[in-house]
There are 2 protein chains.
Amino acid sequence: MSYSRHQLIALLRKHGIAPTHQRLEIANVLFSRCEHLAADQILTLVNERHAETSKATVYNTLNLFRDCGLIREVIVDPKRVFYDPNTQPHHHLYNVDTGEITDIPADDLTVSGMPELPPGMVTEGVDIVVRIRAL
Amino acid sequence: MSYSRHQLIALLRKHGIAPTHQRLEIANVLFSRCEHLAADQILTLVNERHAETSKATVYNTLNLFRDCGLIREVIVDPKRVFYDPNTQPHHHLYNVDTGEITDIPADDLTVSGMPELPPGMVTEGVDIVVRIRAL
DNA sequence: GCCAAAGATTGGACTTTGTCTAATCCCCGG
DNA sequence: CCGGGGATTAGACAAAGTCCAATCTTTGGC
């Protein structure tokens, strides 16, 4: 699940994003681990060795990646947005005690009976969050 | 869908909540309309005639109502939490352009293939959000 | 009905997450 | 090698929500 520098550059280019140093660092953090990270965690990870990326750039970059379809937002915690490097359709298990987020493959879960949308509307996505907690 | 003062008092008491003036005002705002309101909207509505309820009380009360199962949080907008007076199982249509939230009755939508939970875990709820936007 | 204790409410300071801005920096094409 | 457009930055700002200590209400026992 880790990417070489070349692969990351190609990935950004494919999405029309100029591969700057900071963007590569952020992309590396996102794609080198299969976790759901919040902006502040990414900021910390990216600056672990040498502080070289600002808060503003992390937010700019995450929004850019999201707009370009490189990553996806996961909205389960009212306190912060998590970013998911997996843009394939899938869903989430959310541990309300610990805040831990786990993937549920899309093919495991099927939804039937989707309501008809108002005319002129299209579905952008279906997010399913299964909230769990310790007994 | 509107409740009398007596009904609201009974509703709060049934959930073990002491019916104070402010709580009744907030409950009235929530239950007298079938909308999904955010805390700041509730604060405004409650103080429309005479300012008499503080921000802190609105937040305290919403958290209390939520903990007592009187209302439910709807987490779809990373900017703010919405509160849903309908605690029956159901799901939501979220218009990403306008922010509008609409209910989907639970029996319209069925989910199959729920993954097995880790031992000692229980499902607290399943939230489905269908994100829609104008074509 | 009255009183004290328990609980509720309050303004305002504070925290956290995220955005904005204007200045600076860097990188690429010519 | 140079100029300009895009990227980055620090820090100010904004909005949502929490916390606190002081004050005010409610309520249950008499």
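Remember, it's a predicted structure, so these values are computed and weren't measured experimentally. Each chain gets a letter, A, B and so on, in the order its sequence line appears, and its residues count up from 1.
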Expressed as a whole number of angstroms, how long is the span from [X]:[atom1] to [N]:[atom2]?
{"X": "B:I42", "N": "D:dA16", "atom1": "CD1", "atom2": "C1'", "result": "13 Å"}
{"X": "A:L24", "N": "D:dA7", "atom1": "CG", "atom2": "C1'", "result": "13 Å"}
{"X": "B:E25", "N": "C:dA8", "atom1": "CD", "atom2": "P", "result": "18 Å"}
{"X": "B:L12", "N": "C:dA8", "atom1": "CG", "atom2": "C1'", "result": "13 Å"}
{"X": "B:N47", "N": "C:dT9", "atom1": "CG", "atom2": "P", "result": "13 Å"}
{"X": "B:I17", "N": "D:dT27", "atom1": "CD1", "atom2": "P", "result": "14 Å"}
{"X": "B:L43", "N": "C:dG11", "atom1": "CG", "atom2": "P", "result": "10 Å"}

Query raised in the report: Looking only at atom types and distance, does a side-chain atom of B:T98 sit under 3.5 Å from a main-chain N or O of B:E100, one as donor and one as acceptor?
Result: yes

Query raised in the report: Is B:T57 reaching over with its side chain to a backbone N or O of B:T53, donor-acceptor style, under 3.5 angstrom?
Result: no

**Report entry** Linked, directly or transitively: B:I75 and B:I101 (ILVMFWY side chains, under 4.5 Å)
**Finding:** no

Query raised in the report: Going only through I, L, V, M, F, W and Y residues with side-chain contacts under 4.5 Å, is there a path from A:Y59 to A:L37?
Result: no

Report summary line: Checking C:dA8, D:dT8, C:dT10 against the side chain of A:T61 (C-beta onward), the nearest is D:dT8

Might you list the N or O atoms of the protein lying below 3.5 Å from N or O atoms in nucleotides 24-30 of chain C, with each pair's distance?
none

Query raised in the report: Does OP1 or OP2 of C:dT10 have a side-chain N or O of B:S54 closer than 4.0 Å?
Result: yes

**Report entry** A:Q22 side chain near D:dT9 phosphate (N/O to OP1/OP2, under 4.0 Å)
**Finding:** yes

Report summary line: In short, salt bridge (charged side-chain N to carboxylate O under 4.0 Å, His left out) pairs touching residues 34-49 of chain B with sequence neighbours left out are none

Report summary line: residues 57-78 of chain A vs salt bridge (charged side-chain N to carboxylate O under 4.0 Å, His left out), sequence neighbours excluded, gives A:R66-A:E73, A:D77-A:R80

Requested in this report: Determine which bases of DNA chain D form Watson-Crick or G-U wobble pairs with both distances under 3.5 Å, and write the result as a 5' to 3' dot-bracket string with | for other-strand partners.
Outcome: ||||||||||||||||||||||||||||||

Requested in this report: Check whether any side-chain heavy atom of A:R23 lies under 4.5 Å from a side-chain heavy atom of A:L12, and answer yes or no.
Outcome: yes

**Report entry** Side chain proximity check, A:V74 to A:Y94, heavy atoms < 4.5 angstrom
**Finding:** no

Report task. Can you check each nucleotide of nucleotides 14-22 of chain C against protein heavy atoms at under 4.0 Å and return B for base, S for sugar-phosphate only, - for none, in 5' to 3' order? Result -> ---SBBB--

Report summary line: Rounded to the nearest 0.5 Å, the NE2 atom of B:H6 sits from the CG atom of B:L24 at a distance of 11.0 Å

Requested in this report: Indicate, with a heavy-atom threshold strictly under 4.0 Å, whether A:T20 touches base, sugar-phosphate, or nothing.
Outcome: sugar-phosphate

**Report entry** ring-ring contact (aromatic ring centres under 6.0 Å, His included) against A:H92, all qualifying residues, sequence neighbours excluded
**Finding:** A:H36, A:H90

**Report entry** Pair A:R131-B:E124, salt bridge (Lys or Arg N to Asp or Glu O under 4.0 Å): steps then yes or no
**Finding:** CA-CA 5 Å; A:R131 283 178 294 109; B:E124 208 183 67; 3.1 Å; yes

